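The structure under discussion is supplied below as structure tokens; questions concerning it will follow.
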2 protein chains.
Amino acid sequence: MSIQAPIEALRGHEPDVMIAACPSRQVLNHVTSRWGVLVLIALQEQTMRFSALRRHIGGVSERMLAQTLQTLEADGFVQRRAYEVVPPHVEYSLSPLGEEVAGKVSDLAHWIEANLGRIPSVAKD
Amino acid sequence: MSIQAPIEALRGHEPDVMIAACPSRQVLNHVTSRWGVLVLIALQEQTMRFSALRRHIGGVSERMLAQTLQTLEADGFVQRRAYEVVPPHVEYSLSPLGEEVAGKVSDLAHWIEANLGRIPSVAKD
DNA sequence: AATAACGCTAACTTTTATGTTAGTACTTCT
DNA sequence: AGAAGTACTAACATAAAAGTTAGCGTTATT
């Protein structure tokens, strides 16, 4: 008997983002999603509560922040720690795995910030 | 007379992706867009023609590939070179600027490929 | 006594992203 | 002669992402 394989196209393949059905594609999408990137960067700077994150990341809605956090938590990048008090107190932080990706993501973001002036579509005269 | 400023919130600020109106946000979105990431990685490997790119990147439609290439070209990351022959021959490559971002982006993608097994949402037992 | 803060979720709407189909004009392959 | 390849674009349709509003129960603040 063979080991169960997810989809035929993946049989015997190493993970490759160029292959549409490869799970790495989905993880990549979570990480590079509009708010995913920013959440990872924010948490890299410091552990934060839900509302602190919301204030830190300009323009996120509560809904999107909650959703993004859940996705990243499911991927094992973000850790959620809730204290059973009232009013609620919940802290979000990066897992060791999360710190690794966050490093890559923030490298990219900081490169863009630092090189904005070299980008034609942005450069004003 | 003062120098023209884009938006009030940006006056006197260094580029910061956490600020919703900062142009770095938009560039970040282009680069981390679903197909933007993959185009940059593909072109990092080699210069390619439109249809070669399309075959290389699993799942892109012609429309999305064309649109993504135009956006990245406007940002100065991708260079388009067309030969006036028939049938048409168009080559896409990375600009020096593009190679820099592509480096960051492929670091991220390759990290994900290499660490897929550590990611709970993917890991099978 | 009314308000804001906390961390959400559900239901609904809008916007954006992405896909589909068809068409272009010419050439090479079958 | 008919089909396929080339690099696209326009128009249209759909799906996915994101936003909006309202509400939960309790507490501290005003």
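As the structure is a prediction and not an experimental result, all values here were calculated from the model. In the text below, chain A, chain B and the rest are named by the order of the sequence lines, each starting its count at 1.
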(Q) Using side-chain heavy atoms (C-beta onward) and a distance below 4.5 Å, is B:V78 in contact with B:Y92? (A) yes
Q: Indicate yes or no: at least one non-hydrogen side-chain atom of A:I112 is less than 4.5 angstrom from one of B:K104.
A: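 Contact flag for A:I112/B:K104 side chains = no.
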Q) When every nucleotide of nucleotides 20-30 of chain D is labelled 5' to 3' by its protein contacts under 4.0 Å (heavy atoms), B for base, S for sugar-phosphate only, - for none, what sequence of letters results? A) B----BSS---
Q. Can you list every side chain to side chain donor-acceptor pair (under 3.5 Å) pair that touches residues 15-42 of chain B, not counting sequence neighbours?
A.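 Counting only pairs at least two positions apart or across chains, the side chain to side chain donor-acceptor pair (under 3.5 Å) contacts touching residues 15-42 of chain B are B:H30-B:D75.
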Q.
Reading DNA chain C from 5' to 3', where do the contacts with chain B start and stop? Cut-off is 4.0 Å to heavy atoms.
A.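 Counting from the 5' end, contacts occupy C:dT18 to C:dT27.
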Q: Please work out if B:R81 contacts a base, only the sugar-phosphate, or nothing of the nucleic acid, heavy-atom cut-off 4.0 Å.
A: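 Since no nucleic acid heavy atom lies under 4.0 Å of B:R81, the category is nothing.
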**Q.** Axial bend angle, the helix from C:dA1-D:dT30 to C:dT30-D:dA1: five-pair end segments, nearest 10°
**A.**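 Roughly 10°, once rounded to the nearest ten degrees.
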Q.
To check you understand the geometry: which heavy-atom pair defines the closest contact between A:R80 and A:A82, and what is its length?
A. NH2-CB, 3.6 Å
Q. Expressed in angstrom and rounded to an integer, what is the separation of A:N29 atom CG from D:dA18 atom P?
A. 11 Å
Q. Once the angle between the rings of B:F77 and A:W111 is folded into 0 to 90°, is it parallel (under 30°), tilted (30 to 60°) or perpendicular (over 60°)?
A.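 Rings of B:F77 and A:W111: tilted, as their planes differ by 30° to 60°.
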Q) Looking for any heavy atom pair under 4.0 Å, which part of the strands does A:R54 touch: base, sugar-phosphate only, or nothing? A) nothing
Q: Hydrophobic side-chain clustering at under 4.5 Å (ILVMFWY, transitive links): who's grouped with A:V86? Put none if nobody.
A: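 Besides A:V86, the cluster holds no residue at all.
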Q. Once you round it to whole Å, what is the distance between P of D:dA17 and CD of A:Q67?
A. 8 Å
(Q) What is the separation between atom CG on B:L69 and atom P on D:dT9, rounded to the nearest whole Å? (A) 10 Å
Q | Closest non-hydrogen atom pair, A:H56 against A:A42 | A | CD2-CB, 3.8 Å
Q: Please tell me if the side chains of B:Q79 and B:P96 come closer than 4.5 Å, counting only heavy atoms from C-beta onward.
A: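 Yes. Closest side-chain heavy atoms under 4.5 Å.
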Q. Under 4.0 Å: is that the gap between some side-chain N or O of A:R34 and OP1 or OP2 of D:dA17?
A. no
Q | Side chain to side chain, B:L53 and B:L65, heavy atoms closer than 4.5 Å | A |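 A side-chain contact exists here, since the closest heavy-atom pair is under 4.5 Å.
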Q) Between atom CZ in B:R55 and atom C1' in D:dA4, what is the gap in whole Å? A)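 Rounding to the nearest Å, CZ of B:R55 and C1' of D:dA4 are 12 Å apart.
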Q) Listed by chain and number, what are the ring pair (Phe, Tyr, Trp, His ring centres under 6.0 Å) partners of A:H110, not counting sequence neighbours? A) none
Q. Using a cut-off of less than 4.0 Å, is there contact between a side-chain N or O of B:Q70 and OP1 or OP2 of D:dT9?
A. yes
Q.
Is the shortest side-chain heavy-atom distance between B:V31 and A:L108 below 4.5 Å?
A.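 Yes - at least one pair of side-chain heavy atoms lies under 4.5 Å apart.
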(Q) Please classify the nucleic acid contact of A:Y92 as base, sugar-phosphate, or nothing, using heavy-atom distances under 4.0 Å. (A)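 Contact class for A:Y92: sugar-phosphate only.
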**Q.** Integer-rounded Å distance: D:dA7 P and B:E84 CD
**A.**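 Going from CD in B:E84 over to P in D:dA7 covers 13 Å.
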